[in-house]
Amino acid sequence: MANAKPRVKVPKSAKAGEIITIKTLISHKMESGQRKDKAGKVIPRKIINKFTCEFNGTKVFECDIDPAISVNPYIEFTAKVTESGEFKFTWVDDDGSVYETSKKIEVK
Amino acid sequence: MKLDRRQVLGLTAGAAVFAVAGVRVTPATAAAEDAAKRIMEFTGGKQPASGKITLKTPEIAENGNTVPISVSVESAMSGDDMVQSVMILAEGNPNPDVATFHFTELSGEASATTRMRLAKTQNVVAIAKMKDGSVYSDTRQVKVTIGGCGG
Amino acid sequence: MNSTTLKWAGLLAAASIFAAGQAIAGPDNNKLMIDGKELVTDLKGPEGGPLEHIYSGWRFRASETQAFELDDFENPAFPAVDLGEELWNTVEGEAGKSCATCHNDASETMKGVRASMPKWNEKLGKPHTLETQINACRTENLKAEAWKWEAPNMLAMTSYIGLQSRGMPVNVQTDGPMQSWNDKGKELYYSRVGQLDMSCANCHEDNYGKMIRADHLSQGHINGFPTYRLKWGGLGSIHRRFSGCMKNIRATPYKRGSDEFIALELYLASRGTGLAVETPAVRN
């Protein structure tokens, strides 16, 4: 797919203090810079190199990504939620593009 | 009987499929040395202790393109009992770097899952750096199979 | 050149590459549960067929590979399914229509489509595969350009349409006008070809459950296509898999969309009658 498309899975609601699991996946070729084209020329590296998750503006989790991460990077992690709010997810591409998405959660 | 080129090719092809796929022992490579250097940079020269951190990988990966890995570190994730980061390295890849996870109090737990590429059978290492400066590591060997047709 | 020598090498190879795995022999007993629903991954083989019991390829995979298919979020094929849904609703072509213009909600109208393909088409005078049916719709009704067999958009659409049949039993017509196509497929299935002089049956009928080098041989059913293969790092069509198999035995593959591959697709589907559609499946 030409365009990187993020997908995230966050529970719609949680109890205060609950630790929830967040799953994220972004469609991306993750060109490692190790492969050669038919002419024998190295295909330049182009990967997602950073992923960040924030909750109501505070950092929850961050990941530095190297070319050894598989195509369509999948990252799963946890978050402790104490109040209702919004998770913001950011992926940074080698070419400078930034892909974002967000998800709300309600604390009961 | 004299074999011409085609026959030799045919026989070699036949013979090639006999080769038993199995464990390829990973020699100490430049990548492994690189990995050791990376660990020292990450830990500030400290030798990681064992314990606290658990790395989960398949024992045998059906394909090296997409190998699921999970890591978790025992920690209260509050006050001084905090995991700052966990670095994942692959000793036998062209470049040992895989990913580094950074945790916060809001993480609740120091655990993460991702999918990685493995060029061949090798050790995968996870190193955890705690807030108090202590470091822990866990290593798992993943056998990457060279398939008959599926690989 | 001496063809006997070549044949001998081929036969020897064919006879010796299969070894019963010590740890793994035959399919496992795992259950394929997706969204709390169990999918049929084994049942009695079709009446009159060569297999007493049939098993989905899922049952031959390592548990880590199996796990990718258990959750639609973790299934790496789903970004393509999302794209398929988007394309379904996108107006394209001179007629100013989208798929949805005529077929409305795919979850209603496309139910069962994958399970019954390839399907006889009177106007065409031959069976339609899902790919040729989509392209017929595109060129005739949408007045849009046909997609290439393996194009990302085609794979996205076939996965999206295929998903609407997930869990339904594979059930293709093999009588009437389809009879000769099924017969042709059967003939191809049992024909030895290529430098290794092997037929589909040598691996997938005679030796399923055994290891071919490090690979656990399945019965070669096609109930999960398009399938996300870890080897491909993406989705591929049934005909791409056929092509790969033929290359593995050092034969010259037929073309995607050829009558040979359509016939083989039909025959393979009929061998897997009753298995649940798993589209989009995940394999190694």
Side-chain angles (χ1 to χ4, degrees), chain A residues 9 11 14-26 28-36 42 45 47-83 85-88 91 105 107, chain B residues 31 34-35 38 41-42 56-57 61 63-73 75-78 82-120 122 124-126 129 142 144:
Chain A
K9 193 177 179 184
K15 282 181 236 141
E18 192 181 334
I19 295 172
I20 58 160
T21 298
I22 296 176
K23 298 176 177 181
T24 72
L25 188 146
I26 186 161
H28 195 281
K29 279 191 87 168
M30 294 294 281
E31 193 58 62
S32 66
Q34 299 284 344
R35 296 197 315 153
K36 285 178 180 165
V42 172
R45 172 187 137 152
I47 67 164
I48 296 282
N49 60 51
K50 198 168 194 67
F51 166 76
T52 315
C53 169
E54 285 177 5
F55 183 69
N56 291 343
T58 309
K59 198 200 290 173
V60 176
F61 175 86
E62 195 175 87
C63 181
D64 304 322
I65 301 170
D66 293 295
I69 292 296
S70 306
V71 61
N72 302 337
Y74 176 88
I75 301 170
E76 186 184 313
F77 54 96
T78 57
K80 188 174 179 174
V81 281
T82 49
E83 54 176 344
E86 191 174 61
F87 285 102
K88 192 177 143 203
W91 291 260
I105 188 165
V107 165
Chain B
D34 268 4
R38 277 303 191 291
E41 282 165 18
F42 180 69
K56 224 179 102 190
T57 66
N63 189 285
N65 280 345
T66 312
V67 183
I69 59 156
S70 295
V71 65
S72 62
V73 190
S75 164
M77 291 307 276
S78 65
M82 280 283 300
V83 181
Q84 283 181 332
S85 355
V86 171
M87 183 165 71
I88 310 287
L89 295 171
E91 286 186 351
N93 273 359
N95 183 327
D97 302 307
V98 178
T100 306
F101 306 118
H102 303 282
F103 301 98
T104 68
E105 272 195 39
L106 280 183
S107 302
E109 279 172 19
S111 68
T113 297
T114 188
R115 297 167 182 171
M116 65 175 295
R117 294 163 165 156
L118 287 173
K120 58 180 178 183
Q122 59 183 284
V124 178
V125 189
K129 189 156 67 181
V142 185
V144 177

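The sequence lines fix the lettering, A, B, ..., with proteins before strands; numbering per chain opens at 1.
Top candidate by heavy-atom pairs under 4.5 Å with chain A, chosen from B/N95, B/T114, B/I88, B/T113, is B/T113. Annotation: maximal heavy-atom pairing with chain B below 4.5 Å, among A/V60, A/I19, A/T21, occurs at A/V60. In terms of non-hydrogen atom pairs under 4.5 Å with chain B, the most contact-rich of A/S70, A/G17, A/C63 is A/S70.
Expressed to the nearest 0.5 Å, how far CE of A/M30 lies from CZ of B/R117 amounts to 6.0 Å. The CD atom of A/E62 lies 9.5 Å from the OG atom of B/S85; values are rounded to the nearest 0.5 Å.
Within a 6.0 Å radius of NZ in A/K59, other residues, nucleotides and ligands contribute 12 heavy atoms or fewer. Around atom NZ of A/K50, more than 12 heavy atoms belonging to other residues, nucleotides or ligands sit under 6.0 Å away.
For B/S107 (side chain) and A/A79 (main-chain N/O), no donor-acceptor pair under 3.5 Å exists by modelled atom type.
Test A/I65, A/D64, A/I69 against B/V98 for side-chain contact (heavy atoms from CB on, under 4.5 Å) and you get one pass: A/I69.
Using a 4.5 Å cut-off between heavy atoms, A/I20 makes no contact with chain B at all. Residue A/V81 does not touch chain B at all, counting heavy-atom pairs closer than 4.5 Å. For A/T58, the parts lying under 4.5 angstrom from a heavy atom of chain B are both the backbone and the side chain. For A/T52, no part sits under 4.5 Å from any heavy atom of chain B, backbone or side chain. Looking at A/I75, the atoms closer than 4.5 Å to chain B (heavy atoms on both sides) sit in the backbone and in the side chain alike.
In terms of the salt bridge (charged side-chain N to carboxylate O under 4.0 Å, His left out) criterion, B/R115 has no residue partners (sequence neighbours excluded). Every residue meeting the ring pair (Phe, Tyr, Trp, His ring centres under 6.0 Å) condition with B/F101, not counting sequence neighbours, appears here in chain and number order: A/F61. Under the ring pair (Phe, Tyr, Trp, His ring centres under 6.0 Å) criterion, A/F87 pairs with A/F55, not counting sequence neighbours.
Against chain A, the residues from residues 64-72 of chain B that qualify, each with a non-hydrogen atom under 4.5 angstrom away, are B/N65, B/T66, B/V67 in number order.
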